[in-house]
Amino acid sequence: MNVLDHAPGLVAFASSVEAGSFSAAARRLGTSPSAVSKGVARLEQRFGVRLFQRSTRVLSLTQEGAAYYERIAPLLRALAEASDVIQPAGIAQGMLRITAPGDLGRILLEPLVGRFLPRHPGLKLEMSLADRHVDLIREGYDIAIRAGQVADSDLTARRLADMPLVLVASPGYLARRGTPDSIDALSGHAHVRYMLGGKAFPIRFADGSVLNPAGVFDTDNSVALRIAALGDLGVIQILRLFVQDDIDAGRLVPVLPLQPLPLVTISALHAFGRQAPARARLFIEFLTAELERLS
């Protein structure tokens, strides 16, 4: 069997897995949902198995489909990357799928749209802004931007920058509850806590002190943290970059500024190994320079 005979079906199948539906895959491939569906159907007919379970609302992989995708995804990725060897140096082309935390992604959007993409007109960027940790391989992303410690994995991690954290609260909240002057005093205040993996992120100070306060409101989203603080709900711990404008405008006030918090490492994770394609390498280099400028 010549593998090239069903190459269009392979691409349609992989794109459907990564995009989550035939219609989303069609948008990525610049074709129609019908063409994608027929490509997958021909592939299923050739192998005599169902690759997807279909319903009116859900498209889910069968056991055979999941096993097949795990085998072909690296091969299709390698084919896509092969064009880099004949591209001019410093030029990014092709598709790059990125996932980043919500607030950090929004801050980076302006420089990406205003400066990076115009330099690389052959590059198509697809960016998901979500604070959850996605599975790069299973969900089909090329690069994940992460804040904080990176768990050991088979992924390649590149440090982009080290960013300061800050404790802040609104003037209204501090006028009502008082301004804490020590870690012990801080423990008695209302806290809006950031949740990661279902657990509240502790407040760790640079001197080694750790505070695990009770929360009046918990969230896994930094936008919600900021809104809660602006609404006089309590003290939040957040990347200073996200609230610097609020601090400058007096909408939020640093709490215990003489008790510094440790820096948070911002990293880019990918599964390309040492031979990252030009589009990934240039994207990471651009983000490194941009975050160093902002930190």
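Scope of the values below: all heavy atoms of this structure, side chains included, with no hydrogens, waters or symmetry mates.
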Enter the distance from [X]:[atom1] to [Y]:[atom2] here, rounded to the nearest 0.5 Å.
| X | Y | atom1 | atom2 | value |
| --- | --- | --- | --- | --- |
| Arg146 | Leu155 | CZ | CG | 7.5 Å |
| Leu167 | Leu256 | CG | CG | 6.5 Å |
| Ile145 | His270 | CD1 | NE2 | 10.0 Å |
| Leu282 | His120 | CG | NE2 | 5.0 Å |
| Leu125 | Met95 | CG | CE | 8.5 Å |
| Tyr194 | Asp218 | OH | CG | 12.5 Å |

Work out which heavy atom in [X] is nearest to a heavy atom in [Y]; give both atom names and the distance.
| X | Y | value |
| --- | --- | --- |
| Leu129 | Gly105 | CD2-CA, 3.6 Å |
| Ser16 | Phe52 | CB-CZ, 3.8 Å |
| Asp103 | Ser222 | CB-OG, 3.2 Å |
| Ile183 | Leu211 | O-CD2, 4.3 Å |
| Val210 | Pro202 | CG1-CB, 4.1 Å |
| Val255 | Pro180 | CG1-CG, 3.4 Å |

Testing the 3.5 Å rule here: is there a donor-acceptor pair between the side chains of Asp184 and Ser182? no

Between Ser23 and Ser21, is any side-chain donor less than 3.5 angstrom from a side-chain acceptor? yes

For a 4.5 angstrom cut-off between non-hydrogen side-chain atoms, does [X] reach [Y]?
| X | Y | value |
| --- | --- | --- |
| Leu108 | Leu291 | yes |
| Leu109 | Met127 | yes |
| Asp245 | Arg251 | yes |
| Phe217 | Leu225 | no |
| Ile143 | Ile284 | yes |
| Arg54 | Val40 | yes |
| Ile98 | Tyr141 | no |
| Val235 | Tyr173 | yes |

Look at the aromatic rings of Phe116 and Phe286 and report parallel, tilted or perpendicular, splitting at 30° and 60°. tilted

Look at the rings of Tyr68 and Phe47 and say which category their plane angle falls in: under 30° parallel, 30 to 60° tilted, over 60° perpendicular. perpendicular

Return yes when atom [atom1] of [X] has more than 12 non-hydrogen atoms of other residues, nucleotides or ligands closer than 6.0 Å, and no otherwise.
| X | atom1 | answer |
| --- | --- | --- |
| Arg71 | CZ | no |
| Gln244 | CD | yes |
| Arg204 | CZ | no |

Is the side chain of [X] donor-acceptor paired with the backbone N or O of [Y] at a distance under 3.5 Å, no angle test?
| X | Y | result |
| --- | --- | --- |
| Gln53 | Ser60 | no |
| His191 | Leu186 | yes |
| Arg240 | Met163 | no |
| Thr62 | Arg50 | yes |
| Arg176 | Asp232 | yes |
| Ser37 | Pro33 | no |

Let me check something: do [X] and [Y] share a hydrophobic cluster, defined by ILVMFWY side-chain heavy atoms less than 4.5 Å apart, either directly or through other members?
| X | Y | answer |
| --- | --- | --- |
| Val216 | Leu252 | yes |
| Val253 | Ile247 | yes |
| Leu263 | Leu104 | no |
| Met195 | Leu233 | no |
| Leu59 | Ile72 | yes |

Start with the C-alpha gap between Arg119 and Glu285, add the side-chain angles, then the distance that decides, and say whether salt bridge (Lys or Arg N to Asp or Glu O under 4.0 Å) holds. CA-CA 13 Å; Arg119 294 178 194 169; Glu285 289 172 357; over 6 Å; no

After noting the C-alpha distance and the side-chain angles of Val168 and Phe242, does the key distance pass the side-chain contact (heavy atoms from CB on, under 4.5 Å) rule? CA-CA 11 Å; Val168 292; Phe242 296 166; over 6 Å; no

Dump the intermediate steps for side-chain contact (heavy atoms from CB on, under 4.5 Å) on Leu123 and Gln93, then the final yes or no. CA-CA 4 Å; Leu123 179 69; Gln93 294 195 5; 5.9 Å; no

Do you know which of Leu165, Val264, Ile107, Ile266 makes side chain to side chain contact (heavy atoms under 4.5 Å, CB included) with Leu241? Ile107

Do Leu112 and Leu287 pass the side-chain contact (heavy atoms from CB on, under 4.5 Å) test, and can you show the C-alpha distance, the side-chain angles, and the key distance before you say yes or no? CA-CA 9 Å; Leu112 284 172; Leu287 287 194; 4.2 Å; yes

